[in-house]
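Below is one structure, written out as structure tokens, with a few remarks after it.
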Amino acid sequence: MKDSPPPDTKEKILDTAEKEFATRGYSVTSLRKITSEAGVNLAAINYHFNTKQGLLMEVLHRCIDPMNRRRLEMLDALEAAGDYSVERIVRALLEPALRMKERYGVHGEYGIRILGKLHGEPAGVPHEVFTDLFHLVFTRFTAAFGKALPELPDEDRLWRLHFVIGAMAHTLASSDKLESLSCGLCNAVDTDAVVERLVSFASAGLTAPLPGTAAGGSGS
């Protein structure tokens with residue numbers, strides 16, 4: 001059996017940057033650290049990525065794009081069937097993210113960790129980073145929820161979607177803490193159970209009555 005060919009320079013830089021951004025954080029990871037760990041010079045980073053932010057974007061696209069493609073595939077299937085069930089749309093949005101680690105291995109794990117750290121960056125990260133990654137997904141799912149929940153005003157629907165995304169992000173970033181605090185009662189390793197609990201919770205939140213009303217639509 002032949003040995004696998006060594007990674008090319010660009011892949012070496014991406015692998016190293018991905019690991020450093022995930023473990024140390026974007027703002028505190030210097031290009032000098034990346035070049036040293038990857039065994040390349042700064043000119044190689046400039047050639048392939050132009051800037052540090054350009055490198056970050058390629059790292060993130062490599063980690064996150066497979067998840068987003070799966071989300072859109074699931075949504076495409078629902079729309080082709082004319083299925084605008086709130087719960088199934090929620091599942092298409094959340095499940096690919098919750099299964100990042102098991103489906104995409106270290107790239108999935110690092111991608112989630114990088115996104116979590118970016119939200120806490122003290123200097124902030126340009127909005128275009130998140131827009132570039134998630135604009136299409138946000139646009140498609142916003143439209144789908146509009147069809148599933150036509151009785152909700154646009155403002156309320158967007159706020160509820162914002163809360164759902166927040167619950168997902170917190171679950172991805174902090175489920176291990178809940179497992180520790182609950183003395184193992186809440187098992188963060190049981191992805192199937194986490195998916196079902198969060199889909200149920202998010203669906204209930206999206207279809208809850210508006211404040212001051214007696215009842216809301218079921219959306220299914």
- Query: Closest approach of Asp154 and Arg157, non-hydrogen atoms and distance?
  - Reply: OD1-NH1, 2.9 Å

- Message: With side chain to side chain contact (heavy atoms under 4.5 Å, CB included) as the criterion, how do Arg113 and Thr23 come out once you've worked through the C-alpha distance, each side chain's angles and the decisive distance to 0.1 Å?
- Response: CA-CA 8 Å; Arg113 287 168 63 179; Thr23 56; 3.4 Å; yes

- Item | side-chain hydrogen bond (donor to acceptor under 3.5 Å, both in side chains) against Asn50, all qualifying residues, sequence neighbours excluded | none

Show me the donor-acceptor pairs within less than 3.5 Å that the side chains of residues 160-171 make with the rest of the protein, sequence neighbours left out.
{"from": "Arg160", "atom 1": "NH1", "to": "Gly205", "atom 2": "O", "distance (Å)": "3.3"}
{"from": "Arg160", "atom 1": "NH1", "to": "Leu206", "atom 2": "O", "distance (Å)": "2.9"}
{"from": "Arg160", "atom 1": "NH1", "to": "Ala208", "atom 2": "O", "distance (Å)": "2.7"}
{"from": "Arg160", "atom 1": "NH2", "to": "Ala208", "atom 2": "O", "distance (Å)": "3.1"}
{"from": "Arg160", "atom 1": "NH2", "to": "Pro209", "atom 2": "O", "distance (Å)": "3.4"}
{"from": "Thr171", "atom 1": "OG1", "to": "Ala167", "atom 2": "O", "distance (Å)": "2.8"}

- Do Thr142 and Leu158 come close enough that some side-chain heavy atom pair is under 4.5 Å? yes

- Query: If you group Ile, Leu, Val, Met, Phe, Trp and Tyr by side-chain heavy-atom gaps below 4.5 Å, do Met74 and Leu93 land in one group?
  - Reply: no

- Task: Assess whether salt bridge (Lys or Arg N to Asp or Glu O under 4.0 Å) is satisfied between Arg91 and Glu196, documenting all intermediate values.
- Result: CA-CA 9 Å; Arg91 184 177 298 276; Glu196 296 309 318; 2.9 Å; yes

- Item | Lys/Arg-Asp/Glu bridge criterion (N-O < 4.0 Å) met for Asp83, Lys147 | no

- For the residue pair Leu210 and Pro153, what are the closest heavy atoms and their distance? CD1-CD, 3.8 Å

- Task: Mind running side chain to side chain contact (heavy atoms under 4.5 Å, CB included) on Arg71 and Phe134 for me, showing each step along the way?
- Result: CA-CA 11 Å; Arg71 283 169 157 170; Phe134 297 111; 3.9 Å; yes

- Query: Do the charged groups of Asp15 and Arg62 touch, with an N to O distance under 4.0 Å?
  - Reply: yes

- Task: Could you pull out the closest heavy-atom pair between Ala97 and Leu172, with the gap in Å?
- Result: O-CD2, 3.5 Å

- Task: Could you check Met100 against Ile64 for side chain to side chain contact (heavy atoms under 4.5 Å, CB included), going step by step and ending with a plain yes or no?
- Result: CA-CA 9 Å; Met100 279 278 284; Ile64 302 302; 3.9 Å; yes

- Taking atom CG of Leu60 and atom OH of Tyr110, what is their separation to the nearest 0.5 Å? 14.5 Å

- Item | Rounded distance [0.5 Å steps], CG in Asp156 versus CD in Glu151 | 10.5 Å

- Mind checking whether Met57 and Leu136 sit in one hydrophobic cluster, side chains of I, L, V, M, F, W, Y counted as touching below 4.5 Å? yes

- Task: Could you tell me the separation between the CZ atom of Phe141 and the CG atom of Leu75, rounded to the nearest 0.5 Å?
- Result: 4.5 Å

- Query: Ser182 side chain to Glu179 main-chain N or O, any donor-acceptor pair under 3.5 Å?
  - Reply: yes

- Query: Between Leu115 and Phe130, does a side chain to side chain contact (heavy atoms under 4.5 Å, CB included) hold up when you go through it step by step?
  - Reply: CA-CA 9 Å; Leu115 286 177; Phe130 297 100; 4.1 Å; yes

- Message: Any carboxylate oxygen within less than 4.0 angstrom of a Lys/Arg side-chain nitrogen, looking at Lys19 and Glu109?
- Response: no

- Message: With rounding to the nearest 0.5 angstrom, report the SG to NZ distance, Cys186 to Lys177.
- Response: 14.5 Å

- Side-chain touch Val195/Thr191, heavy atoms, less than 4.5 angstrom: yes

- Message: Does Arg197 have more than 12 heavy atoms from other residues, nucleotides or ligands lying within 6.0 Å of its CZ?
- Response: no

- Check the hydrophobic clustering (I, L, V, M, F, W, Y; side-chain heavy atoms under 4.5 Å; chains of links allowed) and say if Leu56 and Leu42 are grouped together. yes

- Item | Donor-acceptor contact present, side-chain Arg140 to main-chain Leu72, <3.5 Å | no

- Common cluster, Trp159/Val90, ILVMFWY with side-chain heavy-atom separation under 4.5 Å: no

- Member of Lys10, Lys12, Glu18 meeting the side chain to side chain contact (heavy atoms under 4.5 Å, CB included) criterion with Leu14: Lys10

- Message: For Ala17 versus Val59, what's the shortest heavy-atom pair and its separation?
- Response: CB-CG2, 3.9 Å

- Pairs in or reaching into residues 31-54: which pass ring pair (Phe, Tyr, Trp, His ring centres under 6.0 Å), with residues at least two apart or in two chains? none

- Donor-acceptor pair, Lys52 side chain versus Thr29 backbone, under 3.5 Å? yes

- Taking all non-hydrogen atoms of both residues, which atom of Glu87 and which atom of Ser203 are closest, and how far apart? CA-OG, 3.4 Å

- Decide yes or no for Thr16 and Val40: does some side-chain heavy atom of the first lie under 4.5 Å from some side-chain heavy atom of the second? no

- Query: For Arg32, does its backbone N or O pair with a side-chain atom of Thr35 as donor and acceptor, under 3.5 Å?
  - Reply: yes

- Message: Quick check: closest heavy atoms across Ala92 and Pro96, and the distance to 0.1 Å?
- Response: O-CD, 3.3 Å

- Query: Say you draw a straight line from CG of Leu185 to CG of Leu178; how long is it, rounded to the nearest 0.5 Å?
  - Reply: 8.5 Å

- Message: Between Thr51 and Gly54 (side chain of the first, backbone of the second, donor and acceptor by atom type, cut-off under 3.5 Å), is there such a pair?
- Response: yes

- Please confirm whether the backbone N or O of Val137 pairs with a side-chain atom of Asn68, one donor and one acceptor, at under 3.5 Å? no

- Between CE of Met67 and CZ of Arg103, what distance do you get to the nearest 0.5 Å? 12.0 Å

- Exactly one candidate in Val129, Leu118, Ile114 meets side chain to side chain contact (heavy atoms under 4.5 Å, CB included) with Tyr26; the answer is Leu118

